[in-house]
Amino acid sequence: MRPRSRLRERTSGADRRYVEDFQDTDGSALEAALRPGGVHSVFQPIVELDTGRVVAYEALARGPEGPLQRPDLLFAAAREAGRLAELDEICRAAAFRGAVAQGLLSPLTVFVNVEPEVLDTAPLDDLLTIAAGAPGELRLVLEITERALAARPAELLRTVERVRALGWGVAVDDVGADSMSLAFLPLLAPDVVKLDLRLVQERPGPAIAEIMNAVNAHAERTGAVVLAEGIETEEHLVMARALGATLGQGWLFGRPGPGAVPGLDAGELVLPGGGLGAEPDASPFGCLPGSAPLRRAPKALLIELSKQLEREAMRLGETAVVAAAFQEARHFTPSTTQRYRDLVERTGFVSALGEGLPVEPLPGLRGADLRPDDVVRGEWDVVVLGPHFSAALLARDLGDDGPDLERTFEYALTYDRATVVRAAHALLSRVAPRVGRTTVPAEVRRAAPAPITPAALSVDGDALLRSALSATTSGVTIADMRQPDQPLVYVNAAFEALAGFPRADVLGRNCRFLQSPDADPAAVARIRAAIDRGEECREVVLNLRGPDRTPWWNEIHLTPVLDDAGTVVRYIGVQHDVTTRVEAERALLHERDRNQQFQARIEELAYTDPLTGLPSRRRLAEQVQTAIWSARAGENTLALLFVDLDGFKAVNDALGHAAGDELLQEVARTLQLRLRRSDLLARLGGDEFLVALTGLDPATAAREAQHVADELAQAVGSLENPRDRTFTVGASVGVAVYPADGEEFEALLHSADLGMSARKSRHGALS
């Protein structure tokens with residue numbers, strides 16, 4: 001059972017105070033907690049807002065009397081000792097036994113929690129035995145917090161499936177505390193969405209509106225129940241109802257106690273029962289329904305489609321999950337690396353799988369090394385999933401030889417939400433757990449660094465503390481928030497060296513005098529906003545050192561100090577010179593930009609005709625294929641025109657290639673001027689051009705396309721060769737209309753080519 005500290009269960013202002021952490025140096029307090037009966041549960045009621053009936057209780061852990069009675073301290077001690085899984089099992093067993101002993105059985109439901117760090121080893125079978133031996137039906141809902149989402153997605157999804165197989169419900173806790181929880185709602189399909197308490201306790205704003213849009217969309221699609229936490233007043237209750245909650249929890253309905261709250265009617269909690277995700281070892285491509293239309297395309301087109309989905313994910317921002325499979329690590333190119341670095345910075349969760357890819361291919365990107373025999377090894381998949389958007393490119397390698405970009409794939413581009421969710425399940429179930437990082441509980445994260453009392457910070461009167469601060473290599477400052485302009489009242493020797501000023505020149509001044517005029521305004525604004533809110537913050541800002549004003553990069557960590565009334569009275573700043581690191585990063589960014597420009601130039605050469613500046617056949621083929629997809633899904637159609645110049649060879653032979661090049665450039669300009677902005681124009685090669693007319697009415701498309709073809713031929717025929725007017729040039733234009741003349745680009749091109757040849761033959765034109 002996940003810990004619930006007093007700070008988490010009730011968060012009124014007077015209770016948000018620091019309690020000094022207990023140091024269990026010999027482990028005796030933890031050993032006492034881990035003995036039989038050392039941990040017990042208290043239960044907090046969950047009520048229907050409309051009827052006031054109690055339909056469930058949440059089990060909350062409590063340690064034995066003593067220093068580890070608080071659950072946050074208890075779990076922190078277990079985590080430090082490497083015994084978190086053991087404690088988690090004991091807490092959940094205590095919750096089940098306590099619920100049975102207190103008679104919290106059907107029709108009531110009991111909510112229990114699981115620690116994210118022990119998801120994959122949670123002994124659910126043992127717990128099922130406990131539940132099965134109960135003297136009546138024990139109805140259970142397992143709560144999972146957003147902390148588990150990024151750290152162990154594969155284990156999380158497996159646990160959810162196991163829980164559902166046992167007949168239990170699933171709840172996602174603290175929804176709205178982090179955008180990650182919104183991103184994962186479609187994947188977890190929880191029966192209960194527990195809104196973070198700040199949604200009912202804080203003033204509404206854009207962030208709360210975004211959360212509620214996502215939650216209400218999920219509830220509408222799945223029938224999930226919305227539960228509001230932290231309801232302590234009638235005003236909170238009004239807000240909970242306004243947010244769409246039908247269940248409530250908080251001190252207004254009852255504090256945690258040993259058992260059922262007397263005097264409250266009991267009712268039944270009806271849950272929708274979420275569906276299962278992909279089958280174990282399924283592949284994303286295998287998640288496609290049998291009716292899904294499959295197409296064939298070269299890898300070059302798949303890359304462009306992938307980029308478009310990535311752009312959609314960037315638009316969704318922190319509420320998006322992105323999962324991709326690239327076959328092999330070598331396909332994760334420098335260009336791909338940069339795109340995924342941007343995705344990591346701007347979206348909620350990003351993963352990339354491939355043979356040879358590490359657990360973390362780049363910071364923040366979750367990876368997995370696919371086995372050579374893994375079916376996903378033969379796929380190219382990109383999945384984007386958000387609260388209001390779902391899309392997936394699912395492709396299977398057909399095993400062609402030849403250049404990499406020309407390898408052929410069978411693929412589908414789907415927006416069907418159920419298919420996209422199953423495909424995301426298939427990919428995320430393979431993501432490796434994050435290693436080398438400690439997952440800090442949300443309760444501890446909110447309370448740490450814990451607010452420090454002035455009594456614990458008497459620097460001048462504590463020789464030991466003063467000596468410690470003087471000895472540290474980190475620059476330490478203390479600012480008095482009660483005085484005008486919030487001056488520095490203490491600095492240590494390390495800070496004097498960083499600032500380049502003696503203590504006498506620093507004390508009594510606001511530390512902003514050290515900032516460079518070139519400091520990032522956004523970083524400075526974030527610092528000021530955090531101070532205004534009384535929160536901690538960490539930023540890197542450009543400072544100036546000493547009288548000569550030498551620039552240096554300062555990584556500063558600010559922590560508030562509260563008095564007994566919860567008012568911020570001081571701020572502690574811990575500072576480090578990270579100039580070397582920042583300059584190295586900037587150098588890498590510069591090199592990255594150069595590489596990007598080089599890569600962009602290569603792509604430009606591959607997709608652009610260097611003589612006319614028009615797109616190449618390769619680029620037009622991709623654009624036409626995209627237009628074909630739109631035509632299939634919409635009410636419009638398109639036509640492809642094959643334009644071949646008549647008499648061009650005579651100009652080339654008589655006047656030379658330079659004159660021929662000038663003529664081709666003039667033809668390109670002439671064609672562009674007579675086409676709509678939405679139409680597409682490319683040079684096929686030699687004296688051949690392609691035109692794609694999009695957005696045509698199917699009833700008149702053939703007639704309209706032929707009319708444009710005649711206009712283009714007439715325009716080209718009216719051109720004069722600037723070097724010799726004795727040569728006349730014309731154009732033969734063939735027309736193909738989708739879908740009558742072909743349903744794919746190559747078929748349309750072939751049909752238009754035949755039409756052009758027929759017209760050239762009828763007119764006896766010479767090339």
Side-chain angles (χ1 to χ4, degrees), residues 289 291-297 301 304-305 308 312 389 391 393 410-416 614-646 667-684 688-718 730-763 765:
S291 59
L294 299 179
R295 304 180 180 91
R296 294 193 176 190
L301 177 58
E304 294 304 315
L305 295 175
Q308 177 58 34
E312 291 287 352
F389 178 86
L393 170 65
E410 189 175 37
Y411 80 96
L413 185 63
T414 179
Y415 298 90
D416 178 69
L614 295 177
S616 65
R617 166 181 169 164
R618 180 174 167 187
R619 172 65 76 184
L620 185 77
E622 296 174 2
Q623 294 173 324
V624 169
Q625 193 62 47
T626 301
I628 288 174
W629 296 332
S630 299
R632 285 177 180 145
E635 299 178 353
N636 297 324
T637 190
L638 70 147
L640 188 66
L641 278 56
F642 194 121
V643 181
D644 183 83
L645 300 186
D646 302 328
V667 169
R669 286 191 291 268
T670 299
L671 295 177
Q672 281 180 314
L673 289 173
R674 282 158 178 80
L675 293 174
R676 300 170 303 172
R677 183 171 299 180
S678 60
D679 295 330
L680 308 173
L681 173 64
R683 184 186 175 202
L684 186 59
E688 297 173 338
F689 296 83
L690 289 177
V691 175
L693 307 176
T694 62
L696 302 179
D697 184 340
T700 60
R703 186 168 62 254
E704 185 176 352
Q706 189 58 58
H707 176 70
V708 173
D710 294 341
E711 283 189 344
L712 295 181
Q714 183 180 5
V716 172
S718 64
S732 298
V733 184
V735 177
V737 179
Y738 170 87
D741 300 318
E743 296 188 3
E744 302 291 344
F745 171 76
E746 292 297 339
L748 289 173
L749 177 62
H750 179 67
S751 180
D753 189 6
L754 291 177
M756 178 275 298
S757 298
R759 291 182 69 85
K760 188 179 288 287
S761 177
R762 286 197 301 270
H763 292 89

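For the single chain, residues carry numbers from 1 onward in sequence order.
Using a cutoff of 4.0 Å between basic side-chain nitrogens and carboxylate oxygens, R295 and E743 are not scored as salt-bridged.
Nearest heavy-atom pair across A631 and L638 is CB-CD2, 4.1 Å. Considering all non-hydrogen atoms of both residues, G730 and V716 come closest at O-CG1, 3.7 Å. For the pair A713 and A731, the tightest heavy-atom approach, listed with the atom from each and the gap, is CB-O, 3.6 Å. Looking at every heavy atom in both residues, V737 comes nearest to A702 through CG2-CA, 3.8 Å. In terms of heavy atoms, R703 sits closest to T700 at NH2-CG2, 3.1 Å. Contact record, A701 with L696: CB-CB, 4.0 Å, taken as the closest heavy-atom pair.
Here the CG atom belonging to L680 is positioned 6.0 Å from the CG atom belonging to L620, to the nearest 0.5 angstrom. In this structure, the separation between CD on E410 and CG on L294 is 4.5 Å, given to the nearest 0.5 Å. To the nearest 0.5 Å, atoms CD (Q706) and CG (L641) are separated by 8.0 Å. For the atom pair E711 CD and L671 CG, the distance stands at 12.0 Å (nearest 0.5 Å). Note that CD of Q623 and CG of L681 are 10.0 Å apart. Values are rounded to the nearest 0.5 Å.
Within the 4.5 Å cutoff, no side-chain heavy atoms of H707 are placed close to those of D710. Counting heavy atoms from C-beta on, the side chains of E622 and R619 come closer than 4.5 Å. Residues L712 and F689 have side chains not in contact (no heavy-atom distance under 4.5 Å, counting atoms from C-beta outward). Between L693 and E704, every side-chain heavy-atom pair lies at or beyond the 4.5 Å cut-off. Residues L684 and V643 fail the side-chain proximity criterion, which asks for heavy atoms closer than 4.5 Å.
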Step by step, would you call F642 with L690 a side-chain contact (heavy atoms from CB on, under 4.5 Å)?
CA-CA 5 Å; F642 194 121; L690 289 177; 3.9 Å; yes
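Residues D644 and S732 bring no donor and acceptor atom of their side chains to less than 3.5 Å of each other.
For T637 (side chain) and Y738 (main-chain N/O), a donor-acceptor pair under 3.5 Å exists by modelled atom type. At distances below 3.5 Å, at least one donor-acceptor pair connects side-chain atoms of R676 with backbone N or O atoms of T694.
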Do any side-chain atoms of residues 745-757 form donor-acceptor pairs under 3.5 angstrom with protein atoms, and if so which ones, sequence neighbours left out?
| unit_1 | atom_1 | unit_2 | atom_2 | d |
| --- | --- | --- | --- | --- |
| E746 | OE1 | R617 | NH2 | 3.2 |
| E746 | OE2 | R617 | NH2 | 3.1 |
| S757 | OG | D753 | O | 3.1 |

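Counting non-hydrogen atoms of other residues, nucleotides and ligands closer than 6.0 Å to CD of Q714 gives a total of 12 or fewer.
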